[in-house]
Amino acid sequence: MEIRKKLTYQFIGIVAIILLFSMVAIYISFSKTRQEEFFDRLSSKAKLVAQMLIDIDEIDSELLKRIELNNPLSLPNEKIIIYDYQDEVIYTTDDENILSITNEIIDDVRLEEETQFKQGMYEIFGQFYTGQYDRIVVFAAATDIFGMNKIKRLRIILVIVFVLSLIIVYFSGRLFAVRALAPISQMVNQVNKIELANLGTRIDEGNGQDEIAHLAKTFNKMLERLEAAFKIQKNFIANASHELRTPLTVITGQLEVILMKARTNEEYKNALLLVLNDVKDLNALSNKLLMLAQTSTDRPQMNFVKIRIDDALWKAQQEINSRNKNYSININFGEGIDDENKLSVSGNDILIKTVFINLIDNACKYSLNHHVDVTLDSKDDQLVIHFTDKGIGIIEEELKMIFNPFYRSKNTISYSGHGIGLSLVENIVKLHKGTIQVVSALDKGTKFTIKLPICT
Ligand code: ADP
C-alpha cells in the first residue's frame, strides 16, 4: 500500500477511535443523568402520594384518585400503586394492569427501603413508607417520553457528527499526506531521469533542513561516489589500452623495419631479441593487469593458508636477482623476531611474493646504487616489513597518488614502468588485512612499511 494511503487511513483510525470514545462517554453520561433525574421525580411523586394518603386523614383512595386525575404536574403515563402490609392493593391508578408487581418485588422494597427498575417502557420507583400506624409500599411508574426523545436526538446528532468528522478527516488527511510526501514524489521523478550519460546531475536538496533534504543529500553523496567510481573505471580502461597499445606499436614498428629488406642472420637474431623483450614486457604488464582486476574484487580469505613470510621474501630475492644481476638486496631480521612462529601469516604466497617483488624492484630501479634494505620485525602481533632505499624519492604532494592505478611521479619519466605495481601491492595488502605506509624525501630515499597480522 502506498505510504500516502497508509498515512490517511492511520489518521482516520486515530481520529475515529478518539471520537468514538468521547461520543460514547457523552452518551452514557447523558442517559445516566436523564435516568437519575426521572427517578428523582418518580421518588418525589411516590413520597407525596404516600404522605397524602397516610398522613392526611381526610384523604382516602377515592379522593386521591380524583386529585391525581386533575393534577397538571402528573408525569406522562403515570401509574401509582400502593400496597398495605399484607400486600393488598389499597390504591392504584393502573386500571389496565399494565405493571406487573410481584410479591418478591414488594418484599424487596421492604428490605431495601427503596428500589428502582424498568418494565418495558415504564420506569418504576418503589418506596417503603412508614407512617404512625401504617407501613405501606408505594410504586410510582411513568414513561420518560421527553427524556427518551432527547436521547434519540442526541444519538442522531452524534452519528452525524461522527460520519461528517470522518469524511472531513479523510479529505484533509489525504491532502496532508499528499503535501507531506510531495518532495518524495518529486525526488523519485528526478532520480528516474538520472542515467549513465547524466550521472553528474544532482537532485534538489530543498530547504536542506528536514529528513527529505537529508535523504536528498545522502543520495547526492552516493551519486558523487558512483560518478567518481565510473570515472576511475573509464580512466582505467583508457590507461590500460594505452599501456598495451604502446608496446604493440613498438613491436609492429620493429617487425616492419626488419621486413623492409633482406637481413643477415645476426640482424634477424638481434631484432627478434628486441621483439622478445617487448613481448615479455607486454606479458608482464597483462599479468599485472589481470592480477589487479582479480585483487580489486573483494574476495576475503581467497585460498588463504598459513605461509612463511621469510620464504616468500627469499623467493622474491632470488627471482629479482636472476633477472637483474646488478640489484643488491639486503635482508635483516629485527629484534622483534625472537621466535620463528612470528614469521607466519595467513595468506597466499604467490600474492605476497608479488608484493615483495614490486617493492624491491621499485627500490632498486629508482636508486642509483640499485640497493634495498629489507627488515623483518614484529610488534604487537603484527609482522612489520620495511623496504628502505637511498634513491630518487617522491615529493610530498605525490605520496598519496602513487597508489592510484597508472600514476607515475614526474621524476620517473626516464625510468621504465606502467604505474600498476603499487596499486596491486595495496590491493594485496588490504586482502591480507594489512596496512602499507610510505615516507620519502626527494633525492634522499624512500621507505615503504608493510604491516601484516601474525598467524599463530
Ligand atoms: P612503476 O614503478 O611501474 O612506475 P608503481 O606502481 O610500482 O609503478 O609505482 C608508482 C610510482 O611510485 C612510480 O612511478 C614512482 O614514481 C613511485 N615510486 C614507487 N616506488 C618508489 C621508490 N622506491 N622510490 C621512488 N619512487 C617510487
Side-chain angles (χ1 to χ4, degrees), residues 224-225 227-229 231-236 238-240 242-243 284-285 288-289 291-293 295-296 298 309 313 316 320 324 327-332 334 351-380 382-453:
E224 248 158 55
R225 288 197 296 271
E227 199 187 359
K231 218 181 234 169
I232 289 173
Q233 205 180 26
K234 248 163 118 179
N235 284 346
F236 185 87
N239 284 326
H242 173 77
E243 291 296 327
L285 172 64
K288 271 191 186 175
L289 280 174
M291 222 178 213
L292 189 63
T295 52
S296 298
D298 253 353
I309 279 293
L313 203 51
I320 290 172
N324 304 85
Y327 281 8
S328 104
I329 305 158
N330 178 30
I331 299 175
N332 293 306
L351 292 180
I352 290 291
K353 194 179 73 183
T354 307
V355 168
F356 294 159
I357 289 178
N358 272 289
L359 292 176
I360 293 172
D361 206 40
N362 277 351
C364 296
K365 183 167 69 175
Y366 297 121
S367 35
L368 274 177
N369 59 2
H370 303 307
H371 176 80
V372 60
D373 281 308
V374 183
T375 316
L376 266 170
D377 211 340
S378 100
K379 199 182 172 199
D380 304 333
Q382 290 207 304
L383 246 172
V384 187
I385 314 141
H386 304 284
F387 300 84
T388 319
D389 66 63
K390 293 195 169 59
I392 58 171
I394 308 158
I395 56 168
E396 179 89 33
E397 296 80 60
E398 287 187 306
L399 276 182
K400 41 185 180 310
M401 298 194 287
I402 55 171
F403 292 99
N404 294 345
F406 302 105
Y407 188 84
R408 306 200 69 215
S409 25
K410 293 183 189 75
N411 58 348
T412 54
I413 294 172
S414 53
Y415 296 83
S416 67
H418 303 285
I420 302 171
L422 281 186
S423 16
L424 182 59
V425 166
E426 194 186 33
N427 279 357
I428 296 174
V429 171
K430 270 188 195 162
L431 273 181
H432 285 78
K433 298 199 180 346
T435 56
I436 179 161
Q437 283 168 338
V438 54
V439 281
S440 186
L442 197 62
D443 296 327
K444 291 220 168 80
T446 308
K447 180 174 175 182
F448 281 91
T449 304
I450 288 181
K451 289 182 183 165
L452 294 169

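- Put simply, the side chain of Arg408 gets close to the backbone of Ser416: a donor and an acceptor are under 3.5 Å apart.
- Residue Leu289 comes nearest to Ala240 through the heavy atom pair CD1-CB, 4.2 Å, listed as atom of the first residue, atom of the second, then distance.
- Residues Val384 and Ile450 are not in side-chain contact: their nearest non-hydrogen atoms beyond the backbone lie 4.5 Å or more apart.
- Residues passing the side chain to side chain contact (heavy atoms under 4.5 Å, CB included) test with Asn358 are Lys288, Thr354, Leu424, Val425, sequence neighbours excluded.
- Between Ile392 and Thr412 the shortest side-chain heavy-atom distance falls below 4.5 Å.
- Residues Phe236 and Leu292 form a side-chain contact, since some pair of their non-hydrogen atoms from C-beta on lies under 4.5 Å apart.
- Between Leu376 and Val374 there is no side-chain heavy-atom pair separated by less than 4.5 Å.
- Rounded to the nearest 0.5 angstrom, Asn362 CG and Tyr415 OH are separated by 11.5 Å.
- Sorted by first and then second residue, the pairs that involve residues 417-428 and meet side chain to side chain donor-acceptor pair (under 3.5 Å), not counting sequence neighbours, are Glu243-His418, Thr295-Asn427, Ser296-Asn427.
- Using a 4.5 Å heavy-atom threshold, the side chains of Pro405 and Asn239 count as separate.
- The nearest pair of heavy atoms linking Leu452 to Gly434 is CD2-CA, 4.1 Å.
- Residues Leu422 and Leu359 are in side-chain contact: their nearest non-hydrogen atoms beyond the backbone lie under 4.5 Å apart.
- Residues satisfying the side chain to side chain contact (heavy atoms under 4.5 Å, CB included) criterion with Glu398, sequence neighbours excluded, are Ile394, Ile395, Met401, Tyr407, Ser409, Lys410.
- By the ring pair (Phe, Tyr, Trp, His ring centres under 6.0 Å) test, His370 pairs with Tyr327, sequence neighbours left out.
- At a threshold of 4.5 Å between non-hydrogen side-chain atoms, the residues His432 and Ile352 count as touching.
- Under the rule for a ring pair (Phe, Tyr, Trp, His ring centres under 6.0 Å), the partners of Phe356 that lie at least two apart in sequence or sit in another chain are Phe387.
- Residues satisfying the side chain to side chain contact (heavy atoms under 4.5 Å, CB included) criterion with Ser378, sequence neighbours excluded, are Ile337, Lys342, Ile454.
- Checking His386 against Thr449 by side-chain atom types alone, a donor-acceptor pair falls below 3.5 Å.
- Between Cys364 atom SG and His371 atom NE2 the span is 8.0 Å, to the nearest 0.5 Å.
- Among all heavy-atom pairs drawn from Ser440 and Gly445, the shortest one is OG-O, 3.1 Å.
- Atom CG of Asp373 and atom NZ of Lys447 lie 10.5 Å apart (nearest 0.5 Å).
- Ile331 is listed as a side-chain neighbour of Leu313, based on a closest heavy-atom distance under 4.5 Å.
- In this structure, NZ on Lys400 lies 10.5 Å from CG on Asn404, to the nearest 0.5 angstrom.
- Rounding to the nearest 0.5 angstrom, the gap separating the CG atom in Asn332 from the CG atom in Asp377 is 10.5 Å.
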Apply side-chain contact (heavy atoms from CB on, under 4.5 Å) to Ile436 and Phe403, showing your working.
-> CA-CA 10 Å; Ile436 179 161; Phe403 292 99; 3.9 Å; yes
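- Asp389 places a side-chain N or O within 3.5 Å of a backbone atom of Thr446 that can act as its donor or acceptor partner.
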